[in-house]
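Some notes on the structure that comes next.
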Protein chains: 8
Amino acid sequence: MASTNGMLDPDDSVILLIDHQSGLFNTVRDLPIPDLRNYVTAIAKTATLLNIPVITTASVPDGPNGPLIPEVHQYAPHAVYVPRTGQINAWDNPPFVQAIEKTGRKTLIIAGTLTSVCMTFPAVSAVQAGYKVYCVVDASGNWSKLATDTSIARVTQAGAIPTDTFAIVAELMRTWNRPEGSRFAEILADHVCPEYKCLIESYGKAQAVVKDGPETKLDKYK
Amino acid sequence: MASTNGMLDPDDSVILLIDHQSGLFNTVRDLPIPDLRNYVTAIAKTATLLNIPVITTASVPDGPNGPLIPEVHQYAPHAVYVPRTGQINAWDNPPFVQAIEKTGRKTLIIAGTLTSVCMTFPAVSAVQAGYKVYCVVDASGNWSKLATDTSIARVTQAGAIPTDTFAIVAELMRTWNRPEGSRFAEILADHVCPEYKCLIESYGKAQAVVKDGPETKLDKYK
Amino acid sequence: MASTNGMLDPDDSVILLIDHQSGLFNTVRDLPIPDLRNYVTAIAKTATLLNIPVITTASVPDGPNGPLIPEVHQYAPHAVYVPRTGQINAWDNPPFVQAIEKTGRKTLIIAGTLTSVCMTFPAVSAVQAGYKVYCVVDASGNWSKLATDTSIARVTQAGAIPTDTFAIVAELMRTWNRPEGSRFAEILADHVCPEYKCLIESYGKAQAVVKDGPETKLDKYK
Amino acid sequence: MASTNGMLDPDDSVILLIDHQSGLFNTVRDLPIPDLRNYVTAIAKTATLLNIPVITTASVPDGPNGPLIPEVHQYAPHAVYVPRTGQINAWDNPPFVQAIEKTGRKTLIIAGTLTSVCMTFPAVSAVQAGYKVYCVVDASGNWSKLATDTSIARVTQAGAIPTDTFAIVAELMRTWNRPEGSRFAEILADHVCPEYKCLIESYGKAQAVVKDGPETKLDKYK
Amino acid sequence: MASTNGMLDPDDSVILLIDHQSGLFNTVRDLPIPDLRNYVTAIAKTATLLNIPVITTASVPDGPNGPLIPEVHQYAPHAVYVPRTGQINAWDNPPFVQAIEKTGRKTLIIAGTLTSVCMTFPAVSAVQAGYKVYCVVDASGNWSKLATDTSIARVTQAGAIPTDTFAIVAELMRTWNRPEGSRFAEILADHVCPEYKCLIESYGKAQAVVKDGPETKLDKYK
Amino acid sequence: MASTNGMLDPDDSVILLIDHQSGLFNTVRDLPIPDLRNYVTAIAKTATLLNIPVITTASVPDGPNGPLIPEVHQYAPHAVYVPRTGQINAWDNPPFVQAIEKTGRKTLIIAGTLTSVCMTFPAVSAVQAGYKVYCVVDASGNWSKLATDTSIARVTQAGAIPTDTFAIVAELMRTWNRPEGSRFAEILADHVCPEYKCLIESYGKAQAVVKDGPETKLDKYK
Amino acid sequence: MASTNGMLDPDDSVILLIDHQSGLFNTVRDLPIPDLRNYVTAIAKTATLLNIPVITTASVPDGPNGPLIPEVHQYAPHAVYVPRTGQINAWDNPPFVQAIEKTGRKTLIIAGTLTSVCMTFPAVSAVQAGYKVYCVVDASGNWSKLATDTSIARVTQAGAIPTDTFAIVAELMRTWNRPEGSRFAEILADHVCPEYKCLIESYGKAQAVVKDGPETKLDKYK
Amino acid sequence: MASTNGMLDPDDSVILLIDHQSGLFNTVRDLPIPDLRNYVTAIAKTATLLNIPVITTASVPDGPNGPLIPEVHQYAPHAVYVPRTGQINAWDNPPFVQAIEKTGRKTLIIAGTLTSVCMTFPAVSAVQAGYKVYCVVDASGNWSKLATDTSIARVTQAGAIPTDTFAIVAELMRTWNRPEGSRFAEILADHVCPEYKCLIESYGKAQAVVKDGPETKLDKYK
């Protein structure tokens, strides 16, 4: 652990994206839906960039819960989808746990809609099963803010580590000084922190003014 | 415990619905009253569906605290009402504890109005008495949001598990793949997550259009 | 007008319930969905109680907008449904305007989802066509609070009267001293102001204590 | 006017997109930046779809205000950019007013960052110059919510019509029963109302279940 | 009018306190109940201090609406109570209007619970009857914030003047330079602006330190 | 401990009211000032009713921090005031700790303005010194909500028990079935939960109607 | 008017800064105190930069209202202070009106603490006296947000123009293309829009990187 | 430890100010930017006043993250800047840890932008490395409030102590009774608690009235 300074080890990690379905998204009230879509996308792209295994699943997608949002497998084409046969806690589905065990990894990064159910239940089960567990609360989506408050308390009490999308991307990325550095900046700007996108645009313009001169004619300004 | 993957065992559970009284409801400020009524109703119906023992009690219902809301016993007709003789902490009332002990179960699911008093005090007492305790914070109702924040911290510190109505129904239900599956969907749609009711209606209409054809005539749309 | 003291005249009124559809409800963010369902129900029941004409319509109910919520026609069985052929502003649909004209009434009470479109557009059109118009903002439902702010300003500027569900029921009801008095109390308690339902329950209990004696035994309280 | 039922006439309209610049966006606090980007994009795409003239301008884009966000001209390639020479109120810049006059149209749809300056000042000037003016408040972006409140009051007082992005797209679109109907649905789902995107996805899935059968195996559910 | 600089004339004013009843107070959600009680008290005390006529009334106080809060007549013992026989709009009750007419005054200061009904209806009626009307929105109390927003828009549109408790006390008081000056300060500190009470206490202590010396011993502080 | 069911023992308790000063109150932003004054008053009155020792102190009351609010000693006349000589953490002041030790009690109930300083520091010190500590967060008052969030986390982590005013009064009171029962109801109604005061008033009126008959004449209501 | 395009004319303007006093600031709840201080400072500096007359006054500064904040005269050293003799509405004080008349200007820019009193009363009086009036709502400060809502409605109804600090500075400044251009940027960055200050700093750094090269060594980033 | 009563020991402390950069500040949404600037300034000034070592660092300041805000080194001129070569967790940069070790101190006070990354990661690493760690959450700044909630839970779970700016300054200051007492008051008034600045001004004025007499002439006030 010393080599990671207490941070997670990407090479020991598996990402579980659970029940990010269009119908369930319409019940999310603790964060805006497009933010949630973007955060899930950011994690999917990060997983692809770093070649981290992703396991997905859905809860009764034939009914009002709706289909998985297409972004999940679109941006993590290597993700493995494990169908369930009705279990609410994905950990109750043996093929799901087997898919995790097959990776041989012991650190789980979990996001699931609804937070207090689809993220929390597997997190509690996984901790009990001996895994190190990170809960990405804002890539989950919950039916009320109060339920999110209780979820953070519950998973923390159980020994799972609560975190957020920006932090988990940064913890996986670890350093800007890597060949994929600018790819991470794009992910964060496009999907996590839109203020950052504006900063990048302004940054480019400020430098263009030095290189190419101003476009605005102001004869009296000083 | 392994067989539940760290989740609660419905067969070991008792539900305590404490002091859900009309007068006290008029003092609740951390969630809307109709939500609170609905969440209590959802838990009562779930208990009935799964035949889980329910014990109710009220605090001085002859005074301004008002009567128990009728939904409690209406939707959990098997519930046992244990009168109190003034004790604020229901655990201080021996017949109340005896009613629990009589069930022989060791997992308690507690909701009570006000959260910081009627849910929290018995939760702390029950943990000390050796029970596994779940606190359903949003089926309780508190006089301030700040008091709810301190309550979550207090019961978590004491070793009780904080949860919410959707999560506790789901944890009791465990799987959609059971004969009562659609009954649970109704409970959630009617009493917990009204967005879900809309989704069910839209789902039915979308399928009706395939089966029966559209009702709207649009000759230029594409 | 003097006889109404500037209030609306129920005998001159028509209620327009526009596009209260399950899919659109899932896009409403300026008030909770169950509140919106209840407010629409309250208006439907009031219309039935007072025999006020109701005209309903839906926007492309075969698509994701979804079906009309069933409560509308369930609680206002006398309502006339006028299908549209794609027009967004219901006033652009001649049969809709003809249905209004057929009543011979000149005061319109409008609610529509989304507020800034389905309530606002017909309101502006109706004012221009010479009607006295009431806009029931919280029986409408909008996609953002900011859009509701601009809608209130826009319809007020146009000369329509902004109001809310409680106020419009009260303005139609006018006095408690009528045979249907208790029916109105039920509508308000069940669908508009849930705090009121608790008050009614507490009121009954307080009187029962006088009539039947207390149920709680307290020997030391004073 | 009768033919429009008091709504705007797309054939008489010009859209003014003023100072939607990356630096200024970082000062917006009355709505999330990605929402603002999306609303501006929605208006740009609508203008292109309906071939409505668009005039853009920027305030000192060489400095910290930053460049126009690229979406504006990307999605409205027919837009005419009119540079300014420092004027804060775009109406003070004669070429800007001339570009409007050149269209021969008298209805202006204005959005500008910051709302209380870049949208409000030209709106007041245009009303005084005899134009019919729509202010799209949430496609503007302001430095405080309180400033947005005063802006709505100010432009309404001046005689301009306050509106929002969804409403202005709908008012321009007027009916779903047109060849571009589904294009408008895409614009609203992708850029204005993300809940709608989920509904479309769920709608498709619900119909696929009827056509292709379910993918989930549930043997005990009923 | 010139002599008042557009402000109200206390000698032409009557204060109407309508339906400030305990049951209705339990339905108020747009401001805290103790604030509402205090604001009504402040107005009652101000009326007494300035000898301004006060007319009160209650809506079905025998039922769940509850009794008038005792503060109203306690602090305005000269107030005249006019019973109603069920009318919701107090203006529909002839004795109520007659009580106003009997004063011979033409400026009405109205507060009523609920704002959108009990304040708004009489305000609209009174404006139509030729009175100058002030609506004290925060001494009224409404069942939702959105309903308060529409109420402000409605009464303003009707020509009544929206105001708040602090402002109406100040407008009646007009100057600090009067024998009752300190009495007004007490009213504002005790009932309207509690921050002010702290300031008065700190002010007294700061002056006591000069006059009597400090009580705290600090030997190293500078 | 068994006899208290994990609740506090009033006979082992001391209440510490620290730095409730007028100037500091003007810096409180996490709850309204009059609420804070009332909560402190409620605790003072409860202490007096139960004869629980109270120790008070103030931080540099000669300066802008201002004097202790008069309610503290007014409602707890038996309270002992211990002056400090500049120490921020009251526990750093030996006479303060000695006053506690002199009571021979080991359970401390602490409230202090500002929460993150004047409540938190002594709480951490007292836990370390072996006391059982309750922190009454909403009878403290903090300069920001975020600081209150960190304070709850910090004292909980340290082993102190976070609670609120209503809960601590109830935990001290333990049962309604005691001679002082109605006195506690008054404290809660007058100072902690103003909704409760309305309920008591409505309760009395409802019973008066049974005993004395109605005052309102309604001939058609049913 | 044509020459200003409906905007205000700085050469016809007088700025009235009324009752910006330290004690009153401690009662302001509709915006943070440091923001209010900064907005007043921004207006004072703008007045000095443009040589616009400023008239100040204070309400009973010897009492708990406290002294004028020093920034007012520090940053507008040319401001004229007109003492009052107790009048709440500054317009009731003849020397105050005379000071305005002496300037010969007819456009008034008013800010005053509290908004609903000290800004609103003179605004109403000035409109009646024939002045064109701008109300800078966020440079005023009010005791509640609801009171600010009613104030915006009241002054708009009366014919005064509601605005905000950023807008009034921009309306006075009119163009960046003036010798004082960068001075205005400083005022806005330092006192009105702190996000802008960050942008200026980032802008400078972005250009320095082009001119001077990067300081960070990244050998793998791309 | 006894000598500090569980509080931190300034002589054992090092302050780490991490990544307080202009670009990153434009992404902060959990507190206003000027507050964040001020809190960092307060800590820098406190460090200087008490001669506590400060170590700073920045994350890729050549890019859109922007430069360190100048206040950091301006107000803590003794601070040591340690450049990074791309590492996100400052603890991953050996020279940064060496700079800490060089001080020989074992208590770390950490603030960093973004909270969930730049404060949290080093905090977790430092706890694991055996340090006592304080996290100053509101001197950090995060991209969302939800991310701040998870950060507080995460660092508390890890064993770091969550705190706020006012509390950390007070914990370092320990007593007012020291020569620098008034310097601390200035820091708190100017940078942390602006209400306090108003109190100081009012305090001075109140005493001046005693010493120098009143400036306002009120002949009728009493």
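None of these values were measured; they are calculated from a predicted model. Below, chain A is the first sequence line, B the second, and so on; all start at residue 1.
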For [X] against [Y], the heavy-atom pair lying closest together:
{"X": "G:Leu199", "Y": "A:Leu199", "result": "CD2-CD2, 4.2 Å"}
{"X": "A:Lys217", "Y": "G:Asn177", "result": "O-ND2, 4.3 Å"}
{"X": "A:Ala185", "Y": "G:Tyr221", "result": "CB-OH, 4.5 Å"}
{"X": "A:Val209", "Y": "G:Tyr203", "result": "CG1-OH, 4.2 Å"}

Give a yes or no on this: more than 12 heavy atoms of other residues, nucleotides or ligands lie within 6.0 Å of atom CZ of A:Arg29.
->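 Check passes, neighbour count above 12.
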Would you find more than 12 non-hydrogen atoms of other residues, nucleotides or ligands less than 6.0 Å from A:Arg183 atom CZ?
->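 Atom CZ in A:Arg183 is not crowded, with 12 or fewer foreign heavy atoms closer than 6.0 Å.
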Tell me, out of A:Arg178, A:Gln207, A:Lys220, A:Lys205, who's got the most heavy-atom pairs with chain G below 4.5 Å.
->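 Ranked by heavy-atom pairs under 4.5 Å with chain G, first place is A:Lys220.
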Between A:Gly181, A:Cys198, A:Ser202, A:Ala208, which residue shows the highest count of heavy-atom pairs closer than 4.5 Å to chain G?
->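 Ranked by contacts with chain G, first place is A:Gly181.
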Hey, does G:Thr216 have a side-chain heavy atom less than 4.5 Å from the side chain of A:Trp176?
->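 Of all side-chain heavy-atom pairs linking G:Thr216 with A:Trp176, none is under 4.5 Å.
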In Å and rounded to the nearest 0.5 Å, what is the NZ to NZ distance from G:Lys211 to A:Lys211?
->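 Atom-to-atom, G:Lys211:NZ and A:Lys211:NZ are 12.5 Å apart.
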